[in-house]
Amino acid sequence: MYKNILVPVALDHEHDTSISLNIARRLLADGGMITALHVIEGIPQFAAVYLPEDYKDKQQSAALEHLKSELGEAQDVSCDVVTGHAGRTIHEYAEKLGADCIVVASHRPGFKDHFLGSTAAWVVRHSSCAVHVLK
């Protein structure tokens, strides 16, 4: 059983978040915690200069509200939204959080994934804690 589980949630994909949360709850030790995390891909600086100053804050607030609505009435899950490269940011967030398990959903890999790697594959390769991949 794990005491600190991170569940990355891609709001722009059609995964059923409740499946990941149910798996995380089954793996959770008594008194443990689950954190749902959404990573917003960063906007290149050359493009960011053309956006309003508060764009990033509004985008992050909207994503947090979307994440909370995706989770519904889940009182046992804390939420966070950060910006960065998805795989690397999930890994760094898990390290900072002290997560001992990551429950991440995966998609059917496409041609580009064989060269670049999917987010789930990146997390599996680089994380020092247990990673449960859901297909």
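Every value quoted in this text rests on a predicted model; they were computed, and no experiment measured them. Start at 1 with the first residue, then count along the sequence.
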Starting at [atom1] of [X], measure out to [atom2] of [Y] and round the result to the nearest 0.5 Å.
X	Y	atom1	atom2	result
His66	Ser61	NE2	OG	14.5 Å
His91	Lys96	NE2	NZ	13.5 Å
Lys3	Met33	NZ	CE	12.5 Å

Do you reckon [X] sits in the same ILVMFWY cluster as [Y], going by side-chain contacts under 4.5 Å, direct or chained?
X	Y	result
Leu64	Leu37	no
Leu21	Ile102	no
Val123	Val103	no
Tyr2	Leu28	yes
Leu6	Ile34	no

Taking the side chain as every heavy atom from C-beta outward, state whether [X] and [Y] have any pair of such atoms under 4.5 Å apart.
X	Y	value
Pro8	His38	no
His132	Val104	no
Cys79	Leu71	yes
Ile90	Trp122	no

Return the minimal non-hydrogen interatomic distance between [X] and [Y], and the atom names on each side.
X	Y	result
Leu67	Ala36	CD2-O, 3.9 Å
Cys129	Ala99	CB-O, 3.5 Å
Arg26	Met1	O-CE, 3.4 Å

Applying side-chain contact (heavy atoms from CB on, under 4.5 Å) between Val39 and each of Val81, Val82, Thr83, Thr119, report the one that passes.
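Filter result, single survivor: Val82.
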When Ile5 is tested against each of Val77, Ile23, Leu27, Leu97 for side-chain contact (heavy atoms from CB on, under 4.5 Å), which residue passes?
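The side-chain contact (heavy atoms from CB on, under 4.5 Å) with Ile5 is passed solely by Leu27 among Val77, Ile23, Leu27, Leu97.
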Short question: side chain of Glu41, backbone of Ala86 - any donor-acceptor pair under 3.5 Å?
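Indeed, once roles are kept as given, a pair shorter than 3.5 Å links the two residues.
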Asp100 side-chain N/O to Asn4 backbone N/O, donor-acceptor pair under 3.5 Å
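Yes; judged by distance alone, with no hydrogens or angles, the pair exists.
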Transitive ILVMFWY cluster of Tyr55 at side-chain heavy atoms under 4.5 Å: who else is in it?
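Traced through the cluster, Tyr55 reaches Ile43, Leu51.
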Salt bridge (Lys or Arg N to Asp or Glu O under 4.0 Å) with Lys58: which residues, sequence neighbours excluded?
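Checked Lys58 against salt bridge (Lys or Arg N to Asp or Glu O under 4.0 Å); matches are Asp54.
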For Asp16, all residues meeting salt bridge (Lys or Arg N to Asp or Glu O under 4.0 Å), sequence neighbours excluded:
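By the salt bridge (Lys or Arg N to Asp or Glu O under 4.0 Å) rule, Asp16 matches no residue at all.
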Val131 vs Val133, side-chain contact (heavy atoms from CB on, under 4.5 Å): CA-CA, chis, key distance, verdict:
CA-CA 6 Å; Val131 179; Val133 180; 4.0 Å; yes
